[in-house]
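See structure below.
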Amino acid sequence: MHDFFRDHPVEARLSVVLLLMILGLSLGTDTFLTLGNITSLLNNNAVNLIWAVGLLVVLIAGGIDISFAVAASVVQYVAAQVFMGIGGGNWAVGFFVAGLLGIGLGMINALLIHGFRVISIVITIATFNAFFGLLMFFTKGRNIYNLPDWWTDRIFIFERQASDGSWSELNLSVAVMIVCVVATWGLIRLTTLGRQLYAFGDNPEGARRAGVNIWQMQIVAFGWCGMMAGIGGLMQVNIAQEVVPNALYGRELDVLAAVVLGGARLGGGRGTVLGCILGVMFVAITQNGLNLLGISPFAFQMIIGAAILLAISSSNLSFGRPPRGAIAVAKVGTT
Amino acid sequence: MSLRDKLNTAVGAETLPLLVFLGLVFLAFSFATPLFLTGANLRSMAFQMPVLGLLTLAMLVPILSGGLNLAIIFQANISGLALAWVLIQFGGPDAGLGAFVLGAALAILAGAASGAVMGVVVAYVGAHPILVSLAMMIFLRGLGEFLTRGGDISGFPEYMNVLGHGSVMGVPVPMIVFLVAALMWHIMLRQSRHGFSVYMIGSNIQASEYSGLHTRRTLVLIYAISGVICAVAGILMAARFNSVRVGHGEALLLVTVLACFLGGIDPFGGFGRVLPVVLALIILQALSSGLNLIGANQHLSTAVWGLFLIGVMALRWVGERWRDKRRRGT
């Protein structure tokens, strides 16, 4: 336990804060600690967490990806066209197509970043504009409703009726989220590739001299992020029941905030799946708690923003390096 | 030293290629449509560009210092709200000039304060500027939505039209505001002590600290000044749209970063000038207006902006390779 606090200060602090919040909300409201609330929390945040673990891999490798949420929209639209083209399809085809399209879009980022030796924020901002502009141009901003049945059917992996008759259930996206989280954990913790990602993110030149294949690192990081973006996009359609070209616009910054809050460093080399989960949970539970406490929904964002600002201020103050050095590494992410 | 080298040291190495680009874009569109090189089109370009331009100036200095300010749009919106609130207090459309001055002062104060808070957290806590400004962005967006309940505030006095739509001797007033700001930015960066500190911090903050620069104070000042120019953009937006809404201009955030990178600002900080960024802005505006005139929709210009940045990166890479080869050859 002591090691956990020493080795993962951000995760440890976040866990403590979260536990206190959960405790407070359980005592303060009688609706927080109900099965219905917890399952809806999971359902509502599954897609965010899928994207978050994808982004985590890019951040560990020292990059940053602004384009993934827009890429997910592109995947949704193109996948819908593909499914219509082949006359239906099923979930297996769905995951395959969405994953592949996502990897393809991630590959475009990786190719441009590696090919032209430009840092990732520049390229992903460029591809963000290119993807979004082209998507809006080709869709003319119209929604797609006539999707295959399998895609929009509700699938529950868990259902239970409480004694008062209300249903609580977990939908498919939660199962997919668990698979994505475990797979990402396996990738960065269990494989050599994962160790190389950390090494590359921490010190690209050092990793290169140690024999790490730089090109491979970019492909893995951005390909993985793209795949998660695509799968998240597929699940988002299952929840929303329609494809709206600009629905995901702007989500990237919220997910980024949650991931970095969970201890992933902009600049690379640090970040854990656990921190990622805690970061997403922190934002989700804050929002959920405010809702249950009956605070105006218009105030949510304000309070969450202030909470993040406070969290980063406090988590940087007493732990880790002195501030002076921190600014030196606090440069826009390296590639 | 050849003439080209002299020019490069005087105005920046990015200026010449961008001027060539600008010329090409103008040439291509004036062939594509006779409407492009008309006074009306140029005037409408000059009315549209300044808001993006001012926001880009707000983004420019934080990037030069090795950071980023993602909160600019909502700093501008909150400042606009402050102005709108004062004007409404003094009777909306009937508010006098004094009310406007007071409102503008409050707007600038709001911008500066929100910027200074970010600067303090970046400088004294050592948190990453992207994260700090992201949190500030979420906070300000929430604050704005909380105050306006997601709606917009309109009904401003008649004379504010001059600021948004008027011209002096044929030059649009917003353009004059932008050009004055850009000139001030140029002087601040190249002539003032603060500007020198900005470049030094962007190059190597530790070395600057050890050589006696007050890096923390400079960082606070950088973000505070960024907030002030956001407030000016917010006031201009209120005058142009005759309303204030929290979502106004949200899509411009990443375009400002794009304009900075297009203008040759080093993403790691330390290098870059104002003039090439102004040229990049004109190019982006010309692309957008030109595509609009030949009948493409506005989203296509968003795509073209992104593709254009990729193209410039590609050309820069080709240029470097070519120079390398030539150096090795001789």
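By convention in this document, chain letters (A, B, ...) are assigned in the order of the sequence lines, proteins followed by strands, and residues within each chain are numbered from 1. Given the structure is predicted, the values throughout are model-derived calculations rather than measurements.
B/H299 NE2 to A/K140 NZ: the interatomic distance, rounded to the nearest 0.5 Å, is 11.5 Å. A distance of 14.5 Å separates CZ of A/F131 from OG1 of B/T302, quoted to the nearest 0.5 Å. Here the CG atom belonging to B/L147 is positioned 7.5 Å from the CE atom belonging to A/M302, to the nearest 0.5 angstrom. Rounded to the nearest 0.5 Å, atoms CZ (A/F128) and CG (B/L309) are 13.5 Å apart. Rounded to the nearest 0.5 Å, atoms CD1 (A/I66) and CD1 (B/I130) are 7.0 Å apart.
When all heavy atoms of A/F116 and B/A314 are compared, the pair lying nearest together is CZ-CB, 3.3 Å. Contact between B/I310 and A/A126 at its shortest, heavy atoms only, is CG1-CB, 3.6 Å. The shortest heavy-atom contact between A/I119 and B/P267 is CD1-CB, 3.3 Å. Taking all atoms of both residues into account, the shortest heavy-atom contact from A/Q301 to B/G142 is CB-CA, 3.4 Å. A pairwise comparison of heavy atoms in A/A299 and B/F146 identifies CB-CD1, 3.7 Å as the closest pair.
Interface residue A/Y249: only side-chain heavy atoms are found under 4.5 Å from chain B.
When each of A/V283, A/I308, A/L309 is tested with B/I138 by the rule side-chain contact (heavy atoms from CB on, under 4.5 Å), just one qualifies, namely A/I308. Screening B/V255, B/L254, B/L253 for a side-chain contact (heavy atoms from CB on, under 4.5 Å) with A/I125, the sole residue that qualifies is B/L254.
B/L134 places none of its side-chain heavy atoms less than 4.5 Å from the side chain of A/D254. Counting heavy atoms from C-beta on, the side chains of A/V122 and B/M313 come closer than 4.5 Å.
In terms of modelled atom types and a separation under 3.5 Å, the side chain of B/W317 and the main chain of A/R117 share no donor-acceptor contact.
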Practice prompt. Could you go through the side chain to side chain contact (heavy atoms under 4.5 Å, CB included) check for B/L131 and A/L256 one step at a time?
Written response: CA-CA 8 Å; B/L131 186 57; A/L256 178 68; over 6 Å; no

Worksheet item: side chain to side chain contact (heavy atoms under 4.5 Å, CB included) between B/M137 and A/L253: does it pass, once the steps are laid out?
Response: CA-CA 10 Å; B/M137 179 198 104; A/L253 293 181; 3.8 Å; yes

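Your options are B/V132, B/V121, B/V117, B/I63, and the one with the most heavy-atom pairs under 4.5 Å with chain A is B/V132. Interface remark: of the candidates B/E320, B/R141, B/R149, B/R149 forms the most heavy-atom pairs closer than 4.5 Å to chain A.
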